[in-house]
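See structure below.
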Amino acid sequence: MADAVATQTLFDGERKAILKFTNISDGTGETKVLKVDVSSLLPNASSQTCDGVTITNIIASTDGMGITLFWDATTDVVIATIPQNTNYRLKLGDLGGFWNNSGAGKNGDVLLSTVGASANDSYTLTLEMTKHYS
């Protein structure tokens with residue numbers, strides 16, 4: 001058996017994307033699972049492919065387990081850690097958001113690991129992002 005996970009695209013427009021992720025764990029958890037694949041987001045009106053995002057808002061609810069988000073790179077870089085048993089909101093738009101500063105091998109994608117997952121633990125995570133194009 002495996003964790004019951006789901007991804008939902010709430011909005012994918014010219015400049016903004018909003019994605020929602022859920023997990024009900026069987027105790028195995030997730031380890032650096034690809035959650036935001038920027039190349040799968042819709043291209044802009046000039047047919048340019050999205051090659052990165054800036055995270056402008058993080059909304060999460062965790063029950064029993066925590067979450068760590070990473071920028072995918074040769075050496076992955078932690079974006080944020082969301083504690084266990086919390087309702088969490090980090091509004092970053094006024095500060096410019098979390099932009100990808102991961103260095104060598106970065107591809108713009110976002111990975112997720114759970115922390116301390118046990119059977120029936122869960123999370124709901126929503127990421128609001130500004131899209132970038134090459």
Side-chain angles (χ1 to χ4, degrees):
M1 198 167 160
D3 285 11
V5 297
T7 298
Q8 182 180 9
T9 301
L10 301 178
F11 182 79
D12 187 0
E14 179 84 8
R15 294 291 298 153
K16 185 180 217 177
I18 304 171
L19 302 178
K20 178 183 171 185
F21 311 96
T22 59
N23 177 323
I24 300 173
S25 186
D26 68 350
T28 56
E30 298 177 80
T31 303
K32 291 191 177 177
V33 175
L34 178 63
K35 291 297 183 177
V36 180
D37 178 354
V38 295
S39 66
S40 71
L41 297 173
L42 293 176
N44 66 12
S46 300
S47 298
Q48 293 174 305
T49 302
C50 181
D51 64 357
V53 294
T54 299
I55 299 172
T56 56
N57 203 3
I58 301 171
I59 303 166
S61 177
T62 59
D63 182 18
M65 65 178 151
I67 301 169
T68 302
L69 298 172
F70 302 87
W71 294 117
D72 190 7
T74 303
T75 302
D76 299 332
V77 173
V78 173
I79 301 168
T81 300
I82 300 163
Q84 298 172 247
N85 302 316
T86 191
N87 290 313
Y88 183 91
R89 179 154 190 191
L90 186 57
K91 191 169 182 170
L92 302 160
D94 293 341
L95 302 173
F98 285 149
W99 52 275
N100 189 342
N101 62 346
S102 59
K106 72 179 181 180
N107 59 17
D109 295 340
V110 177
L111 309 175
L112 179 146
S113 290
T114 55
V115 179
S118 299
N120 298 314
D121 289 356
S122 63
Y123 71 74
T124 299
L125 169 69
T126 303
L127 297 178
E128 294 182 17
M129 300 162 286
T130 301
K131 296 164 63 173
H132 305 283
Y133 304 91
S134 50

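With hydrophobic clusters built from ILVMFWY side chains whose heavy atoms lie under 4.5 angstrom apart, Phe98 shares a cluster with Ile67. Hydrophobic clustering places Leu92 together with Leu127 (ILVMFWY residues linked when any side-chain heavy atoms are closer than 4.5 Å, directly or through intermediates). Hydrophobic clustering (side-chain heavy atoms under 4.5 Å, transitive across Ile, Leu, Val, Met, Phe, Trp, Tyr) groups Tyr88 together with Leu69. Under the 4.5 Å side-chain heavy-atom criterion for Ile, Leu, Val, Met, Phe, Trp and Tyr, Val110 and Leu90 are members of the same hydrophobic cluster. Val38 is not connected to Leu10 by any chain of hydrophobic side-chain contacts under 4.5 Å among Ile, Leu, Val, Met, Phe, Trp and Tyr, and they are in different clusters.
Checked by atom type and distance alone, the side chain of Gln48 pairs as donor or acceptor with a backbone atom of Ser134 at under 3.5 Å. Put simply, the side chain of Asn107 gets close to the backbone of Asp109: a donor and an acceptor are under 3.5 Å apart. No donor-acceptor pair closer than 3.5 Å links the side chain of Thr31 to the backbone N or O of Ser113. One N or O on the side chain of Lys131 and one on the backbone of Gly13 form a donor-acceptor pair closer than 3.5 Å. Side-chain N or O atoms of Thr62 include one that pairs as donor or acceptor with a backbone N or O of Pro83 at under 3.5 Å.
Note on residues 54-80: pairs passing salt bridge (Lys or Arg N to Asp or Glu O under 4.0 Å), not counting sequence neighbours, are Lys32-Asp76.
Here Asp26 contributes atom CG and Asp121 contributes atom CG; the two are 10.5 Å apart, rounded to the nearest 0.5 Å. Going from atom CD of Glu14 over to atom CG of Asn44 covers 5.0 Å, rounded to the nearest 0.5 Å. The SG atom of Cys50 sits 8.0 Å away from the CG atom of Asp12 when rounded to the nearest 0.5 Å. Between atom NZ of residue Lys91 and atom OG1 of residue Thr56 there is a gap of 9.0 Å, rounded to the nearest 0.5 Å. Within the model, atoms OG1 of Thr130 and CD1 of Ile55 stand 10.5 Å from one another, a figure rounded to the nearest 0.5 Å. Rounding to the nearest 0.5 Å gives a distance of 8.5 Å between CE of Met129 and CD1 of Ile18.
Annotation: Leu34, atom CG; neighbour count of heavy atoms from other residues, nucleotides and ligands within 6.0 Å is above 12. Around atom CG of Asn101, more than 12 heavy atoms belonging to other residues, nucleotides or ligands sit under 6.0 Å away. Residue Asp37 places its CG atom among more than 12 non-hydrogen atoms of other residues, nucleotides or ligands, all under 6.0 Å distant.
Among all heavy-atom pairs drawn from Asn87 and Ser61, the shortest one is OD1-OG, 3.1 Å. Taking both residues in full, the closest heavy atoms of Leu19 and Phe21 are given as CB-CZ, 3.6 Å, listed atom of the first, atom of the second, then distance. Minimum heavy-atom separation, Ala80 to Ile58: CB-CD1, 4.1 Å. The heavy-atom pair separating Ala117 from Gly29 by the smallest distance is CB-CA, 3.8 Å. Closest approach of Val53 to Gly108, counting heavy atoms only: CG2-O, 4.2 Å. Contact detail for Tyr123 and Lys35: the closest heavy-atom pair is OH-NZ, 3.5 Å.
Side-chain contact of Asn23 with Ser25: a donor-acceptor pair under 3.5 Å is absent, judged by distance alone.
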Run the side chain to side chain contact (heavy atoms under 4.5 Å, CB included) check on Val33 and Leu111 step by step: do they pass? CA-CA 5 Å; Val33 175; Leu111 309 175; over 6 Å; no

Side chain to side chain contact (heavy atoms under 4.5 Å, CB included) between Val115 and Gln84, worked out: CA-CA 8 Å; Val115 179; Gln84 298 172 247; 5.6 Å; no

